[in-house]
Amino acid sequence: MDEKFLKPYDPKVTEEKILKLWDESGFFNPDICVEKGVTSAHAETFSMILPPPNVTGSLHTGHALGLTVEDIMTRYARMQGKKTLWLPGTDHAAIATQSKVEKILEKKGIKKSDLGREEFLKQVEQFAQYSHDTINNQTKRMGASLDWSREAYTLDAKRNFAVRTAFKKMYDDGLIYRGHKIVNWDPKGQTVISDDEIVYEERKNKFYTFKYGPFEIATARPETKFGDKYVVMHPEDVRYKDWIHGQKITVEWINGPTEATVIKDPMIDMEFGTGVMTITPWHSHEDFQLAEKYKLEKEQIIDKYGKLLPIAQEFSGMKINDAREKIVEKLKSKGLLVSIDENYVNRMATAERTGGIIEPQIMEQWFIDVNKKIEARGNKSLKELMLEPVRDGKIKILPDHFEKVYFNWIENLRDWCISRQIWFGHRIPVWYKGNEVYCDIEAPVGDGWEQDPDTLDTWFSSGLWTFSTLGWPEKTEDLKNFHPTDVLETMHDLIFFWVARMILMSQYLLGEIPFKNVYFHGMVKTADGKKMSKSLGEKAIDPLTIIDKYGNDALRMAMIVGNTPGNDLKLNENDIRGYGKFANKIWNASRFVLENTKDLDTENLPAFDEEDALSDKELKDLIKEISKEMDEFRFSLVAEKVYHYFWHTFADVIIERSKKKILENNNSESAKALLFTQLTTLLKIMHPFVPFVTEEVWSSIPIKDKKLLIVERWPLN
RNA sequence: GCGCGGUUAGCUCAGUUGGUAGAGCAACCCGUUUACACCGGGAAGGUCGUAGGUUCGAGUCCUACACCGCGCACCA
């Protein structure tokens, strides 16, 4: 027997060795599996893409959880003999990465405008490359059985070609348009963002009530009120029944008399405040809609740096926060201040990546029309194309309650603003010359054309990910073989950003679904239920530190057992330590079996006695049960059952029983045969969950023409 | 405001057509049996959030409510 078994299981030494073994085998690549004869060329396929980590730093426990779940699926599929592809890549994450680099430069006292577009992009790419290398090394260390030969990056040349192709097609179909609309401007990031990139924060603000002619109006933002000249009330509000729509009155306002027009619209909530408000169409989504409806004038009050424009007269050039109190003072001195509510709580829209407070602005931007009927797709709109496959069950979402969330999002969906005023990302493939606009995959020939300076929302390229990684728009073998993919595994917070956009792009560009199943995992939290963030310091668990301490298999088990789809996971170091013992238990039980079956003829196993036959059947039944559960993605249940069987049936009962039989030489051959059969079978079914220790033990099992465990067959039938 | 999820043993959580409550960890007792002390054996521990309802039977289905968490929404 191998001397290594004389010492307790050492994950550190083993894992390094096993990683090398797998890497050299090439078995992560389905083509090599076919080449080497471990997978049939005509086998069923299984494909999945890795949610590409952002190149903004390093892996955290959330990544580790995703990698674990996905690797279990992948290893299970591979062992079933399927042509299995799990495709890796990274995401350039436009705004996230750019703002990270900006912060780093800021610390050195450098502004991106000092560097200029080209030099700044060099710096970002350098950072991205560094992050990419770190992340990939960590991912490999996790034992993720990804086919690195097919690695992709959302901003590499092939994906850029896919992006330009997709843009051009959508442009030609009239789905992409440029328009002056109210958008979410982030003054801090100096770019527009989409509705989904807004994070709402509850904050306590002062809520002011002012006299506005004969009315009283309330606002939390007096600094936007300079240009207000429409006063709106509900048509059925009896308090204001004497006022008629369109009626003009002159009111004393911040900078003198203003002519105001009465507007009556049912959008007004009679219960709220005084039931009367003035509107600022340039800086409020709702006011904008009202202004569009009645063709009202719109005027910009605040510039893109968050400073007041000349309309504010003596306040012109002031930052809105500095101006607010001063404006209130002025109104007060004019006798127009009625009251201030100090305890008003409202939702502030902030930018997801920069934290900047969103200032709605009317701007010219690029949009994707989600309601336009598309002739080539059965006259359905993008909204309908997104809705249908989920509604019809072609795409199954797990846990299924997220389907409701998904439908609800689509119902409220507005056109998707895709242009960003940042430098890092896919440049919009549109060129201008005077009033001419040219959109194509390649730049126009001739002088005087200037490309649109904006880049695309990072989720535009992410939306193409299931097929751009397989070679689209080329008609590649990979695309034919592996699309639609089988599963999309990710955290549930990406349901709108990513999952929906992939369905949109795939349905529209390919006319097929991007994946058959969506498996959502939850958020990994600390033992006391806090979000794992860097600010937590020591309480935040770093997956690689844990692996060094307890082993990869231990971390995997701790992440899988008791973790059902969609639910948050409280990761506890004690649990991980506990599963480290499991790896050692496997190790020692294997040692016992190998020691006691040395003289066993493994090619012609002796028959089982009655008792052992029962145990043999018990394991076979278990396999039948867990195979079904694996197919239903119930990994937590399977991991727990396998753990329990190995420890409390195989080790505690079967091994203990065999000791007696072997010692007394009473049916000892049957006992040995059972030990051997059970161990080899258990190693296989445990492999997706604890791949390292099982592969290492497998390497010591005396079987003729043995393959690596990673490509052994799952023992059903 | 609307919607979703959670509420089961001290802790973390399973519990798939309704049929006598489960695991891991912790705590308790016993055991140094040559695979393993990263061990074995044993015992203990739950009115399954509350109140109703359906049913022969409900943690599981229905209706309210409470608390925690989350998502969405145009309350100026």
Side-chain angles (χ1 to χ4, degrees), chain A residues 1 5-9 195-196 198 200 207-209 217-222 224-225 228 231-233 265 267-280 284-290 344 346-347 360 399-409 411-413 492-493 495-496 522-523 525 527-529 531 550-551 554 557-558 561-564 566-596 625 628-629 632 634 636-637 639-641 643-644 647-648 651-652 655-656 658-660 663 675 679:
Chain A
M1 194 191 51
F5 285 108
L6 298 176
K7 282 188 252 168
Y9 176 61
D195 295 341
D196 298 284
I198 291 177
Y200 292 98
F207 192 56
Y208 309 90
T209 304
I217 57 139
T219 182
R221 303 203 53 194
T224 65
K225 294 284 157 195
D228 288 12
V231 56
V232 193
M233 60 211 75
D265 190 272
M267 170 201 137
I268 289 287
D269 179 356
M270 287 187 270
E271 309 290 313
F272 187 82
T274 57
V276 184
M277 70 170 188
T278 60
I279 57 166
T280 314
S284 154
H285 284 90
E286 304 75 55
D287 296 359
F288 177 81
Q289 273 159 26
L290 206 63
Y344 179 70
N346 71 342
R347 287 198 323 167
D400 58 9
H401 67 253
F402 277 105
E403 291 182 1
K404 278 190 193 167
V405 177
Y406 180 77
F407 295 144
N408 182 258
W409 178 78
E411 277 162 30
N412 293 311
L413 192 60
H492 56 68
D493 64 340
I495 184 166
F496 309 138
M523 190 191 287
K525 295 185 169 173
D528 50 357
K531 197 176 164 180
Y550 305 107
M557 282 299 281
V561 176
N563 178 28
T564 45
N567 283 344
D568 291 348
L569 171 73
K570 282 180 197 157
L571 195 61
N572 183 325
E573 200 166 327
N574 256 335
D575 290 349
I576 303 167
R577 190 181 298 121
Y579 288 113
K581 293 182 187 174
F582 179 54
N584 194 54
K585 187 76 182 177
I586 296 173
W587 189 250
N588 282 300
S590 302
R591 170 186 174 181
F592 178 85
V593 174
L594 290 172
E595 229 167 15
N596 284 282
E625 199 178 305
K628 185 167 172 276
E629 286 161 354
E632 292 166 354
R634 303 166 71 86
S636 166
L637 210 57
E640 198 181 318
K641 281 181 183 176
Y643 173 96
H644 204 259
W647 202 308
H648 300 297
D652 290 352
I655 286 186
E656 290 309 316
S658 76
K659 283 179 185 169
K660 217 177 151 204
L663 207 67
L675 286 179
L679 178 65

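Naming convention: chains lettered A, B, ... in sequence-line order (proteins, then strands); numbering from 1 in each chain.
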Taking N or O atoms only and anything under 3.5 Å, show me the protein contacts with nucleotides 71-73 of chain B, one pair per line.
residue: B/C72; atom: O2'; partner: A/Asn408; partner atom: OD1; Å: 3.4
residue: B/A73; atom: N7; partner: A/Arg347; partner atom: NH1; Å: 3.2

message: Counting the atoms with a prime plus P, OP1 and OP2 as sugar-phosphate, which does A/Arg221 contact under 4.0 Å by heavy atoms, base, sugar-phosphate, or nothing?
response: nothing
message: Over all strands shown, is A/Ile268 touching base, sugar-phosphate only, or nothing at heavy-atom distances under 4.0 angstrom?
response: base
task: Check ring pair (Phe, Tyr, Trp, His ring centres under 6.0 Å) between A/His644 and all other residues, then give those that pass, not counting sequence neighbours.
output: A/His648
Roughly how far apart, to the nearest Å, are [N] and [M] at atom [atom1]?
| N | M | atom1 | value |
| --- | --- | --- | --- |
| B/C13 | B/G49 | P | 15 Å |
| B/G57 | B/A66 | P | 29 Å |
| B/G71 | B/G24 | P | 35 Å |
| B/C25 | B/C61 | P | 30 Å |
| B/G22 | B/A14 | C1' | 7 Å |

query: With respect to A/Met277, which candidate in A/Val231, A/Asp287, A/Thr219 satisfies the side-chain contact (heavy atoms from CB on, under 4.5 Å) definition?
result: A/Asp287
Whole-Å distance separating the [atom1] atom of [X] from the [atom2] atom of [N]:
| X | N | atom1 | atom2 | value |
| --- | --- | --- | --- | --- |
| A/His285 | B/C74 | NE2 | C1' | 10 Å |
| A/Lys531 | B/G69 | NZ | C1' | 14 Å |
| A/Glu403 | B/G3 | CD | P | 19 Å |

Got a list of protein N/O to nucleotides 9-13 of chain B N/O distances below 3.5 Å?
residue: B/C13; atom: OP2; partner: A/Lys570; partner atom: NZ; Å: 3.4
residue: B/C13; atom: O3'; partner: A/Gly562; partner atom: O; Å: 3.4
residue: B/C13; atom: O2'; partner: A/Gly562; partner atom: O; Å: 3.1

query: Would you write out the dot-bracket form of RNA chain B, 5' to 3', with Watson-Crick and G-U pairs under 3.5 Å, [ ] for crossing pairs, | for pairs to other strands and . for unpaired bases?
result: (((((((..((((.....[..))))..((((.......))))......(((((..]....))))))))))))....
Check the interface with nucleotides 29-33 of chain B: list each N/O to N/O pair with the protein under 3.5 Å, or write none.
none

Protein-nucleotides 35-44 of chain B N/O pairs closer than 3.5 Å?
residue: B/A35; atom: OP1; partner: A/Lys659; partner atom: NZ; Å: 3.2
residue: B/A35; atom: O2'; partner: A/Asn588; partner atom: OD1; Å: 3.2
residue: B/A35; atom: N7; partner: A/Lys659; partner atom: NZ; Å: 3.3
residue: B/A35; atom: N6; partner: A/Ala651; partner atom: O; Å: 3.2
residue: B/A35; atom: N6; partner: A/Glu656; partner atom: OE2; Å: 3.2
residue: B/A35; atom: N3; partner: A/Asn588; partner atom: O; Å: 3.2
residue: B/A35; atom: N3; partner: A/Ala589; partner atom: N; Å: 3.2
residue: B/C36; atom: O4'; partner: A/Asn588; partner atom: OD1; Å: 3.3
residue: B/C36; atom: O2'; partner: A/Asn588; partner atom: ND2; Å: 3.4
residue: B/C36; atom: O2; partner: A/Lys585; partner atom: NZ; Å: 2.9
residue: B/C36; atom: N3; partner: A/Lys585; partner atom: NZ; Å: 3.0
residue: B/C39; atom: O3'; partner: A/Lys585; partner atom: NZ; Å: 3.2
residue: B/G40; atom: OP1; partner: A/Lys585; partner atom: NZ; Å: 3.4
residue: B/G40; atom: OP1; partner: A/Trp647; partner atom: NE1; Å: 2.4
residue: B/G40; atom: OP1; partner: A/Asp652; partner atom: OD1; Å: 3.4

